[in-house]
Amino acid sequence: MASRRLSTLLSRSLSFPSASAFLGWKYGVERGIQRFSTAAAVEELVSPGVEVKYTQHIINGKFVDSASGKTFPTLDPRTEEVITHVAEGEAEDINRAVAAARKAFDEGPWPKMSAYERSRIMLKFADLVEKHTDELATLETWDNGKPYEQAAKSELPMIVRLFHYYAGWADKIHGLTVPADGPHHVQTLHEPIGVAGQIIPWNFPLAMFAWKVGPALATGNTVVLKTAEQTPLTALYAGKLFHEAGLPPGVLNIVSGYGPTAGAALASHMEVDKLAFTGSTDTGKIVLELAAKSNLKPVTLELGGKSPFIICDDANIDRAVEDAHFALFFNQGQCCCAGSRTYVHERIYDEFVEKAKARAMRRVVGDPFKKGVEQGPQIDSEQFEKVLRYIRSGKESGATLECGGDRIGSKGYFIQPTIFSDVKEDMLIAQDEIFGPVQCVLKFKDIDEVIKRANNTHYGLAAGVYTSDIDKANTLARGLRAGTVWINCYDVFDATIPFGGYKMSGIGREKGVYSLNNYLQVKAVVTPLKNPAWI
Ligand code: ADP
């Protein structure tokens, strides 16, 4: 059923007239006309072909309405139209969800269940996600605007892999025997921390669900997850599948709602033992403060970035152009780790700019459900307007607009792939996180200088390095203050690779073995040894 729908969808999109509209734009730009009429592309949309089944919160294993009865709309960013209305959670709903998670933690069975049993439920869930890839990817594209092919072929498989990975950890978590001085037997127990509150953003709704929920459940915690108000749909679907896989009630509670109401209630809740947040640096500061002012719950934060992508003069330039393009434009430029400052050595600068421009002009923008589309709409009007403001700022500050620079069509949040060259360090577009399809290209002369400039930011999430010289690669990898350095590649994500930020890009690491500690307490157990012969 799923694959039939997918093939229908893809064959429908193959015959779509808009492909020529894209080519028209591409060739129009290449002739220097710089105009893009997407009227056809944007108006004739593929129908997602699935119905939205789940719009209520999941609390204590059941779908429930908000205590207030309120709902809010979630929009299709292709059309700006309402997809459906979703229960709007507020403090009272968070209270109910935390009470359910508290009970499931304090009374079990989740933390008391054998680790093997927990692992089996997580594996079963991963199998269900795999089976329902088409529905989940379709909902993700509909709610978020990301290309369907990206969601289905790249993100969903990574999510399945991540749950396999953390299911594998469940029965491998154990403490140590400690060689203390004196007649004592000392052991450490690695225990779940309790009720985990998790707040996730809209740019990768299901992937963020996985990064947060995977390690929390593997270590025996219970969870209250608040999704982003722009993208509530897929987590509810995934929550349903988790219960189908045998998750006991109260272990995973999912509340939809807005940040200052539902999110703030979760961050400041006295019965929440740990908070994990992904979002903007400004909101990260707010939730850290709420956690501190309530019960001092430990907080992990994955925040914004302005990541440098450094291309040395000995790099394979064509590959660097392609990866720098991907690093910035992937997911409509809506990545916290977007390679948003492209530093290019002066010797290859002009060649790089020409090739980067040609690549951006070839970028296929349009209905994300259509085959071959690389870029869909931005998430909502707020982000759309923000990106256009930064484009205006780039123009006004004297950077050279190489291509793009405008919206596409008159409906939906589509923006042309945009490149600025001659970008200077003090321009706003070189300093702020734009979170959109705007590549800023800067020129550098030598390695020491570019390390200083790349580090001259409050952020430190990621960096890219392109060179064929191992010594330069090592110097840059060690010199850059960032949580990830990709060398001759970018955005390589894997369940096993830790991710997180230096400086104002965050606190702590997610994924890999590092994420487990976020959800564990260490208890020292000390027992006297009575028989001196065995001390
Ligand atoms: P963006 O500005 O990109 O939407 P945010 O950091 O504001 O990013 O949002 C990330 C997540 O944080 C979302 O789930 C959002 O609802 C939540 N959020 C926003 N404001 C608050 C707040 N004051 N307290 C708690 N959570 C919040």
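We number each residue from 1, following the sequence as shown. When a ligand or atom number is given, it counts from 1 through the structure's own listing order.
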Atom 1 (P) of ligand 1 [closest protein heavy-atom partner, distance rounded to 0.1 Å]: W202 NE1, 3.7 Å
Protein non-hydrogen atom below 4.0 angstrom of atom 26 (N) of ligand 1 present: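 Protein heavy atom within 4.0 Å of atom 26 (N) of ligand 1: present.
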Heteroatom proximity flag, [X] to ligand 1, N/O under 3.5 Å:
{"X": "E229", "result": "yes"}
{"X": "I200", "result": "yes"}
{"X": "T283", "result": "yes"}

L241 versus L128, closest heavy-atom pair with distance: O-CD1, 3.4 Å
Numbered atoms and elements of ligand 1 in range of G263, under 4.0 angstrom, heavy atoms: 24 (N), 25 (C), 26 (N)
Ligand 1 atoms in contact with A228 (distance to a heavy atom under 4.0 Å): 14 (O)
Check: W202 ring centre within less than 6.0 Å of F435 ring centre: yes
Centroid-centroid distance, F309 to Y490, less than 6.0 Å: yes
Salt bridge present between D127 and K124 (N-O < 4.0 angstrom):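 No, no charged N to carboxylate O under 4.0 Å.
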Hey, is [X] one of the residues with a heavy atom under 4.0 angstrom from ligand 1?
{"X": "F435", "answer": "no"}
{"X": "T227", "answer": "yes"}
{"X": "N203", "answer": "no"}

Six-ring centre of Y519, K274 cation under 6.0 angstrom, axis tolerance 45°: yes
T278 and K212: side chain donor to acceptor below 3.5 Å: yes
Between T138 and T141, a side-chain donor and acceptor under 3.5 Å: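 Note: T138 and T141 side chains miss the donor-acceptor criterion.
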Whether F326 and F330 hold their rings parallel, tilted or perpendicular, with breakpoints at 30° and 60°: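 Aromatic pair F326/F330 classed tilted.
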Proximity winner for atom 23 (N) of ligand 1, if only heavy atoms of L290, I286, T231 are counted: I286
